[in-house]
Amino acid sequence: MLSRIVAILAIASLVCGCGGAVPPVPSPSAPATTAATSSVSPSSSGPPPSAAAGIHYVAFGDSIPFGGADCGCRGFPLLFGDWVEQATGEAVDTKNFAQHDNNTAAREAVELSTHPDLVAALRAADIITVTLGHNDTPWNAIDDACDADHGPLDPDPTGTWKQETGPCLQKEVDRYRANLAAVLDQVIALRGGRPVVLRLTEQYNDIPGDPCCGADAVKASATIKDAFNAAACEVVAAHGGLCIDVYHAFNGPNGRGDAGALLAGDHTHPSAAGHEKIAKLLEEAGLAPVR
């Protein structure tokens, strides 16, 4: 299947814009929540189930790819699937498993193998996009090591935003890296050595421009997004995939720009224009198998 895709499209490369380095911090202690040790069953790494001819595309992760009521629009998986169909001349079966329930890499690492429909779809997929991390950042997580109230305050009398870029940040980044690696380990095991187009869409920064938050929050959130996206890009590269630089496409070169019209009314999920932007970035990355 993928050989036909490659015959149609030239191999495209993507330079990953993974942001700045994590500020020096002390060596972290063991994270509160560790990566999952569970994995897919050995039988699931065998041949994929029989499927109709065509290209099979699976998107999964948190609610960012969801579309629908969030923006009154089609999510980027459907848009990208349309483009793949037009570019290859083959029918594309797009399955969007985005979870609108505050899904995290930590949860996905544990729960992926318990969702039989997702497992079956990943086994049969020719193209996979992963979107995880927005809810793993300290101000969204409910079990992070950075703040006792599990959420920043702005104005910030307790110094919570500054605290979130302190020594706890490296602990949270390491935990995210381990959990994301556990997710992708399971995806690769399900593939059983078969080639796949694997893409991870980076986190963008929804704090700039949000009435909730001031200059300290914008600065701190950019530092955190730099660190989380750098870790994500390292993990996906190690699993033979490409990192899609949604972050700088939405927030500019320093990660502090207001994503503006690319965000829906909740200033969190992508707008119709935001979904179109992400789909375009995926198109620009091409369809060459990376394994």
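- Within the 4.5 Å cutoff, side-chain heavy atoms of F60 are placed close to those of E108.
- Among residues two or more places apart in sequence or in another chain, the salt bridge (charged side-chain N to carboxylate O under 4.0 Å, His left out) test is passed with K219 by none.
- Here the straight-line distance linking atom OG1 of T129 with atom CZ of F97 works out to 11.5 Å at 0.5 Å rounding.
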Please report the C-alpha distance between D126 and V84 in whole Å, then the side-chain angles of each, then the deciding distance to 0.1 Å, and finally whether the side chain to side chain contact (heavy atoms under 4.5 Å, CB included) criterion is met. CA-CA 11 Å; D126 302 299; V84 173; over 6 Å; no
Before giving the answer on side chain to side chain contact (heavy atoms under 4.5 Å, CB included), spell out for V187 and V130 the whole-Å C-alpha distance, their side-chain angles and the decisive distance to 0.1 Å. CA-CA 10 Å; V187 170; V130 186; 5.5 Å; no
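- Here the side chain of D93 pairs no donor or acceptor atom with the backbone of G54 at under 3.5 angstrom.
- Here N251 pairs with nothing under the side-chain hydrogen bond (donor to acceptor under 3.5 Å, both in side chains) rule; sequence neighbours left out.
- Looking at residues two or more places apart in sequence or on another chain, you find a side-chain contact (heavy atoms from CB on, under 4.5 Å) between A125 and V58, I128.
- Shortest non-hydrogen contact noted between N254 and Y247 is O-OH, 4.2 Å.
- Across every non-hydrogen atom of D206 and H267, the tightest pair is O-ND1, 2.9 Å.
- Minimum heavy-atom separation, T114 to P116: O-CD, 3.2 Å.
- With sequence neighbours left out, the side-chain hydrogen bond (donor to acceptor under 3.5 Å, both in side chains) criterion links N135 to no other residue.
- If you run side chain to side chain donor-acceptor pair (under 3.5 Å) between S221 and each of D226, N205, T137, only N205 comes through.
- For the pair D245 (side chain) and H248 (backbone), a donor-acceptor distance under 3.5 Å is present.
- Put simply, V246 and L79 are part of two different groups of oily side chains (I, L, V, M, F, W, Y) that touch within less than 4.5 Å, one to the next.
- At least one donor-acceptor pair under 3.5 Å links the side chain of Q186 to the backbone N or O of A109.
- Taking CG from N103 and CG from D136, the interatomic distance works out to 8.5 Å, rounded to the nearest 0.5 Å.
- Closest approach of R177 to A231, counting heavy atoms only: NH2-CB, 3.7 Å.
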Using side chain to side chain contact (heavy atoms under 4.5 Å, CB included), reason through E283 and F80 one step at a time and then give a plain yes or no. CA-CA 7 Å; E283 295 168 19; F80 181 54; 4.1 Å; yes
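- For T104, the side-chain hydrogen bond (donor to acceptor under 3.5 Å, both in side chains) criterion is met by no residue, not counting sequence neighbours.
- Residues passing the side-chain contact (heavy atoms from CB on, under 4.5 Å) test with A261, sequence neighbours excluded: none.
- One distance of note links CG of L281 with CG of L242; it measures 12.5 Å at 0.5 Å rounding.
- Sequence neighbours left out, the pairs with a member in residues 173-220 that pass ring-ring contact (aromatic ring centres under 6.0 Å, His included) are Y176-F228, Y204-F250.
- Counting only heavy atoms from C-beta outward, the side chains of W139 and I207 approach each other to under 4.5 Å.
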What verdict does the salt bridge (Lys or Arg N to Asp or Glu O under 4.0 Å) test give for K171 and D174, after you've listed the backbone C-alpha separation in whole Å, the side-chain angles of each residue and the deciding distance to 0.1 Å? CA-CA 5 Å; K171 179 185 293 186; D174 288 345; over 6 Å; no
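- Residues passing the side-chain contact (heavy atoms from CB on, under 4.5 Å) test with S271, sequence neighbours excluded: A273.
- In this view, D101 and R107 satisfy the salt bridge (charged side-chain N to carboxylate O under 4.0 Å, His left out) rule, not counting sequence neighbours.
- Looking only at distances, a side-chain donor or acceptor of H239 sits under 3.5 Å from a matching main-chain atom of V235.
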Side chain to side chain contact (heavy atoms under 4.5 Å, CB included) assessment of T268 paired with H134: CA-CA 10 Å; T268 297; H134 181 88; 3.7 Å; yes
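- For the side-chain hydrogen bond (donor to acceptor under 3.5 Å, both in side chains) condition, the pairs that include at least one residue of residues 62-72, sequence neighbours left out, are S63-H269, D70-H100.
- Taking NZ of K225 as the reference point, atom CD of E202 lies at 10.5 Å (rounded to 0.5 Å).
- Under the 4.5 Å side-chain criterion, counting only non-hydrogen atoms from C-beta, L190 is in contact with L112.
- Although no hydrogens or angles enter the test, the distance criterion places no donor-acceptor pair under 3.5 Å between the side chain of R256 and the main chain of G252.
- Here the CG atom belonging to L184 is positioned 11.0 Å from the CG atom belonging to N179, to the nearest 0.5 angstrom.
- Residues P270 and I64 form a side-chain contact, since some pair of their non-hydrogen atoms from C-beta on lies under 4.5 Å apart.
- By the rule that hydrophobic residues join a cluster once side-chain heavy atoms approach within less than 4.5 Å of another member, L78 and F66 end up as members of separate clusters.
- With sequence neighbours excluded, the residues forming a side-chain contact (heavy atoms from CB on, under 4.5 Å) with A272 are C73, listed by chain and number.
- The line from CD of E172 to CG of D144 is 5.0 Å long, rounded to the nearest 0.5 Å.
- In terms of modelled atom types and a separation under 3.5 Å, the side chain of R123 and the main chain of A120 share no donor-acceptor contact.
- Residue pairs that meet the salt bridge (Lys or Arg N to Asp or Glu O under 4.0 Å) test with at least one member in residues 73-84, sequence neighbours left out, are R74-D82.
- Summarising the geometry of H275 relative to C71, their closest heavy-atom pair is CD2-SG, 3.7 Å, with the distance given to 0.1 Å.
- Taking both residues in full, the closest heavy atoms of D258 and G209 are given as OD2-CA, 3.4 Å, listed atom of the first, atom of the second, then distance.
- Partner of L200 under the side chain to side chain contact (heavy atoms under 4.5 Å, CB included) criterion, chosen from L132, T131, L180, I244: L180.
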